[in-house]
Enquirer: 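First the structure, which I've put down as structure tokens, then a few questions once you've had a look.
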Amino acid sequence: MTGGTSGLGAVALGQLARQPGARVLLGARGPKPAGTETLPVETLPLDLAELDSVRAFAAAVIDRLGGAGIDSLVLNAGVNMHDGKSRTADGFETTFGVNHLAHYLLLRLLMPHLAPGAVVVLTTSATHDPAAKTILPVPRHADARLLAHPEQDPQRDEKARAAAGRAYSSSKLCNILTARALAVQPEAVAGNWRVLAYDPGPTGGTNLMRNTPPAMRMLWKLLGTSARALMPHFNSRAAAGGNLAGVAGGRITPPAGKWHARVVKDELTWPQPSELALSDEARDALWLDSAPLVGLPSPTPAGS
């Protein structure tokens, strides 16, 4: 699991770790989260802004498995930068590098170790969908090379706040496309893997805004308290994290044919994502074009 040290992720981690027979390997930059001291949670070093750290984490997970398979892979971590200028250790725009490329690499490295019937969950956001009418600019495309290097994009945003917002919404679009691409891979079909894109909805009190200006961080923190009542469309961490644990741990079974979940007013729903998120061309291009960016050979085209 990634993204399990705070906010809704910490709620999900606690519930997953309390399931009978559970064992959770958590990737994190810091120590074992408070409150999990007596739970079967092992924290392994992981910095999603460094692809070498992702590779080391994957190797450590595989070593800890000892030949056993992964029953549930939860790719929940994410960042939202306040401008589009930040870069990862590998030179990629940070929001895209962390939210998509690092998780894509981790997924590809762990795919051979997913057990039959495994559940894979990628956390996404309604910001990817123009119909959701969120406050962020919506994605223009899911071109991996241009999102990794936005200075090369002829349509790039000149204003820092717009660039940051579009980088985030685009990375969340890529999470959905990655889920769709994984679901049609031969290994996923043969292994009967359940692949889900999970949107927790707006949930205050998480670390998502940790890289934004102080005023934004303060507001986000307040929306994780009783002040949430002032914004009725915001979800509680209990609902957002509980539903994540539910779908990842198998307690919640998706309705037939559904794979995109969204928490709305603390209730789990199963809407269609955006038109671009349903594009097979965008899905296949992202799956293929992300590989060389993270140092992997080009995979077999999705669905072929």
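Just so it is clear, the model here is predicted, and its values are computed rather than measured.
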Enquirer: Determine whether Leu110 and Ile62 make a side-chain contact, defined as any pair of heavy atoms from C-beta on separated by less than 4.5 Å.
Expert: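 Leu110 reaches Ile62 side chain to side chain.
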
Enquirer: Taking only residues two or more places apart in sequence, or in another chain, which ones meet Glu281 in a salt bridge (Lys or Arg N to Asp or Glu O under 4.0 Å)?
Expert: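 Applying salt bridge (Lys or Arg N to Asp or Glu O under 4.0 Å) to Glu281 gives none.
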
Enquirer: Kindly say whether Pro139 contributes a backbone atom to a donor-acceptor pair with the side chain of Ser170 at under 3.5 angstrom?
Expert: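 Side chain of Ser170 to backbone of Pro139, a donor-acceptor pair under 3.5 Å: no, none is there.
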
Enquirer: To the nearest 0.5 Å, what is the distance between CG (Leu196) and CD1 (Ile176)?
Expert: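 Separation between the atoms: 12.0 Å.
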
Enquirer: Applying side chain to side chain contact (heavy atoms under 4.5 Å, CB included), run through Gln272 and Leu278 and close with a yes or a no.
Expert: CA-CA 9 Å; Gln272 285 283 81; Leu278 295 173; 3.7 Å; yes

Enquirer: Do the side chains of Glu151 and Arg87 get close enough for a salt bridge, i.e. N-O under 4.0 angstrom?
Expert: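 Judged by the 4.0 Å cut-off on N to carboxylate O distance, Glu151 and Arg87 do form a salt bridge.
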
Enquirer: Per the side chain to side chain donor-acceptor pair (under 3.5 Å) rule, which among Thr124, Asn99, Thr127 passes with Ser171?
Expert: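 Result: among Thr124, Asn99, Thr127, Asn99 is the only option passing the side chain to side chain donor-acceptor pair (under 3.5 Å) with Ser171.
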
Enquirer: Can you tell if the side chain of Leu244 reaches within under 4.5 Å of the side chain of Asn76, non-hydrogen atoms only?
Expert: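 Leu244 reaches Asn76 side chain to side chain.
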
Enquirer: Are Leu107 and Leu182 close enough, and set up right, to give a side chain to side chain contact (heavy atoms under 4.5 Å, CB included), and what steps lead you there?
Expert: CA-CA 9 Å; Leu107 173 60; Leu182 174 64; 3.8 Å; yes

Enquirer: Is the shortest side-chain heavy-atom distance between Val138 and Asp129 below 4.5 Å?
Expert: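 A side-chain contact is absent here, since even the closest heavy-atom pair is not under 4.5 Å.
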
Enquirer: For the CD atom of Glu42 and the NZ atom of Lys32, what is their distance to the nearest 0.5 Å?
Expert: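 Reported value, rounded in 0.5 Å steps: 8.5 Å.
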
Enquirer: Is the side chain of Asp266 donor-acceptor paired with the backbone N or O of Ser236 at a distance under 3.5 Å, no angle test?
Expert: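 Checking the backbone N and O of Ser236 against the side chain of Asp266, a donor-acceptor pair under 3.5 Å is found.
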
Enquirer: Out of curiosity, His100 NE2 to Leu105 CG, how far, rounded to the nearest 0.5 Å?
Expert: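 Going from the NE2 atom of His100 to the CG atom of Leu105 covers 10.0 Å.
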
Enquirer: Can I get a per-line list of side-chain donor-acceptor pairs under 3.5 Å for residues 16-25, giving both atom names and the distance, sequence neighbours left out?
Expert:
| from | atom 1 | to | atom 2 | distance (Å) |
| --- | --- | --- | --- | --- |
| Arg18 | NH1 | Gly14 | O | 3.0 |
| Arg23 | NH1 | Arg64 | O | 3.2 |
| Arg23 | NH2 | Arg64 | O | 3.3 |

Enquirer: Looking at Arg145 and Asp289, is any side-chain nitrogen of the basic one under 4.0 Å from a carboxylate oxygen of the acidic one?
Expert: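 Arg145 and Asp289: salt-bridged.
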
Enquirer: Which residue in the set Thr94, Leu48, Asp47 passes side-chain contact (heavy atoms from CB on, under 4.5 Å) when paired with Thr88?
Expert: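 Going through the options one by one, the only one that passes is Thr94.
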
Enquirer: Just checking, is any N or O donor in the side chain of Thr178 or His103 under 3.5 Å from an acceptor N or O on the other one?
Expert: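 Looking only at side-chain atoms, His103 and Thr178 do not form any donor-acceptor pair under 3.5 Å.
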
Enquirer: Going from CZ on Arg166 to CZ on Phe96, what distance comes out if it is rounded to the nearest 0.5 angstrom?
Expert: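 With rounding to 0.5 Å, CZ (Arg166) is 15.5 Å from CZ (Phe96).
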
Enquirer: Can Arg194 and Thr253 be said to form a side chain to side chain contact (heavy atoms under 4.5 Å, CB included), step by step?
Expert: CA-CA 10 Å; Arg194 180 186 298 166; Thr253 301; 4.1 Å; yes

Enquirer: Taking atom types as modelled, is there a side-chain donor on Asp199 or His128 under 3.5 Å from an acceptor on the other?
Expert: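 No pair is found: no donor N or O on one side chain lies under 3.5 Å from an acceptor on the other.
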
Enquirer: Can a salt bridge be assigned to the pair Asp153 and Arg140 using a cut-off of 4.0 Å between side-chain N and carboxylate O?
Expert: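 No, this pair does not count.
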
